[in-house]
Enquirer: 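Quick one: the structure is below, questions incoming.
Within every chain, numbering begins at 1; the chains are lettered A, B, ... in the order of the sequence lines, protein sequences first and strands thereafter.
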Amino acid sequence: MTFVDGNEMAGALEELFAVDVTMARWRCANCGREAELAQARVYDRAPGQVARCPGCEEVLMRLVRGPDRAWLDLRGVTVLEFPMP
Amino acid sequence: MVAIRPETATTSTLTLEVPDWPGHRAGQHVDVRLTAPDGYTTQRSYSIASATDSSTVDLTVQGVPDGEVSSYLVGVAMNGDQFELRGPIGGYFVWEPSAVDPVLLVAGGSGVVPLMAMIRTRAEAGSRVPFRLVYSVRDPDSAIYATELVRRVRDDRGLDVSYVYTRAAPPDHPYPPGRLDAARLAEAGWPAELTPLCYVCGPTGFVEAAADLLVAAGHPAERIRTERYG
């Protein structure tokens, strides 16, 4: 199955976060790898968007946007680090 | 949408007038959302092609055979049509005209679009930062912006463009068709000692391969920015 990258997920996440999320660094709960959201692998041909770690392929986060609410599952991320101005 | 112009047989540039557009940075993208009469919505991300000082927003869209959004944008949409846009989005895959490091752009197919925004922004800003574009395409007819790039190589001082043809090369091209490899990248790119900023955009397989070649050539991973599409 093909994937894109975290840039594809940024628009939907920016409805929830007040900052540029493509530069947010995550740490994978499974393998400990750290990278920017833009470098995650995003599988988006589904009802929601699933971001996976490019190192170990585990799920980092899932985002489902409904008409009047959003569900953000951060099961695979231990830390999100945002550059702040 | 105020204009649409074909770039190649499968690719067109749509010019959009966006009320209250806040301006964008070179390399950013937008989400385009289409809504059917029955309320079904679908969206895709498209890179912005225009320079940052433009009052309109250009999106260059490649029609893909089963693409719900792209086949509408390049095949059905007409001047005067309205789309829902979200953006501009992204701060990772961007180039700032205030940057002074040499830049290496590596494009596969329509991955050239956000890199073209950087090339156009560089010219508009009068930046003299040396830019090299290595552009991998199937054949000469699939090259987007080919005419403009010829003009820019002539007029924009410090811009080099090299093509890698994967299926069919023009008769005067010095290399037989083939994929981007270490030798071509070493010749057409920058040596790692110059610590260029590298931007790689294209289909996922191309981006992974090109980024691996750059790392193998000694470029530090944090100087390589990538954007992949499916």
Enquirer: Checking heavy atoms, do the side chain of B/E222, its backbone, both or neither come under 4.5 Å from chain A?
Expert: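 Contact with chain A: none, neither part.
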Enquirer: Within the structure provided, determine whether A/L37 and A/F17 are in side-chain contact (heavy-atom separation under 4.5 Å).
Expert: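 The answer is no; the side chains never approach within 4.5 Å.
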Enquirer: Specify which of A/E15, A/M23, A/E14 makes the most heavy-atom pairs with chain B at under 4.5 Å.
Expert: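 Greatest number of close heavy-atom pairs with chain B: A/M23.
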Enquirer: As a test of understanding, state which of B/R228, B/H29, B/E227 forms a side chain to side chain donor-acceptor pair (under 3.5 Å) with A/N7.
Expert: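 Checked B/R228, B/H29, B/E227 against A/N7; only one passes side chain to side chain donor-acceptor pair (under 3.5 Å): B/E227.
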Enquirer: Heavy atoms, side chains only, cut-off 4.5 Å: are B/I144 and B/Y135 in contact?
Expert: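 Touching, per the 4.5 Å side-chain cut-off.
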Enquirer: Surrounding CD of A/E57 (heavy atoms of other residues, nucleotides or ligands, distance under 6.0 Å), is the total greater than 12?
Expert: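 More than 12 heavy atoms, drawn from other residues, nucleotides or ligands, come within 6.0 Å of this atom.
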Enquirer: Using heavy atoms and a sub-4.5 Å threshold, report which of residues 35-60 of chain B line up against chain A, by residue number.
Expert: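 Only B/R44, B/S45 of residues 35-60 of chain B have a heavy atom under 4.5 Å from chain A.
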Enquirer: Does B/R132 count as lying over the ring of B/W190, i.e. NZ or CZ under 6.0 Å from the six-ring centre, within 45 degrees of the axis?
Expert: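 Judged by the rule, B/R132 and B/W190 form a cation-pi pair.
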Enquirer: Does any backbone or side-chain atom of A/E8 lie under 4.5 Å from a heavy atom of chain B? Answer side chain, backbone, both or neither.
Expert: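 Looking at A/E8, backbone and side chain both touch chain B.
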Enquirer: Is A/D5 in contact with chain B via its backbone, its side chain, both, or neither, using a 4.5 Å heavy-atom distance?
Expert: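 Both parts, backbone and side chain.
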Enquirer: For A/A35, which atoms come within 4.5 Å of any heavy atom of chain B: side chain, backbone, both, or neither?
Expert: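 No part of A/A35 comes within 4.5 Å of chain B.
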Enquirer: Mind checking whether B/Y92 and A/D20 have side chains closer than 4.5 Å, heavy atoms only?
Expert: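 Heavy-atom side-chain distance check fails, nothing below 4.5 Å.
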Enquirer: Whether A/R52 engages the ring of A/F3 as a cation-pi pair (distance to the six-membered ring centre under 6.0 angstrom, angle to the ring normal within 45°) should be assessed.
Expert: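 No; the conditions do not both hold, so A/R52 does not lie above the ring face of A/F3.
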Enquirer: If you draw a 6.0 Å radius around CG in B/D20, do more than 12 non-hydrogen atoms from other residues or ligands fall strictly inside?
Expert: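 Result for CG/B/D20: open.
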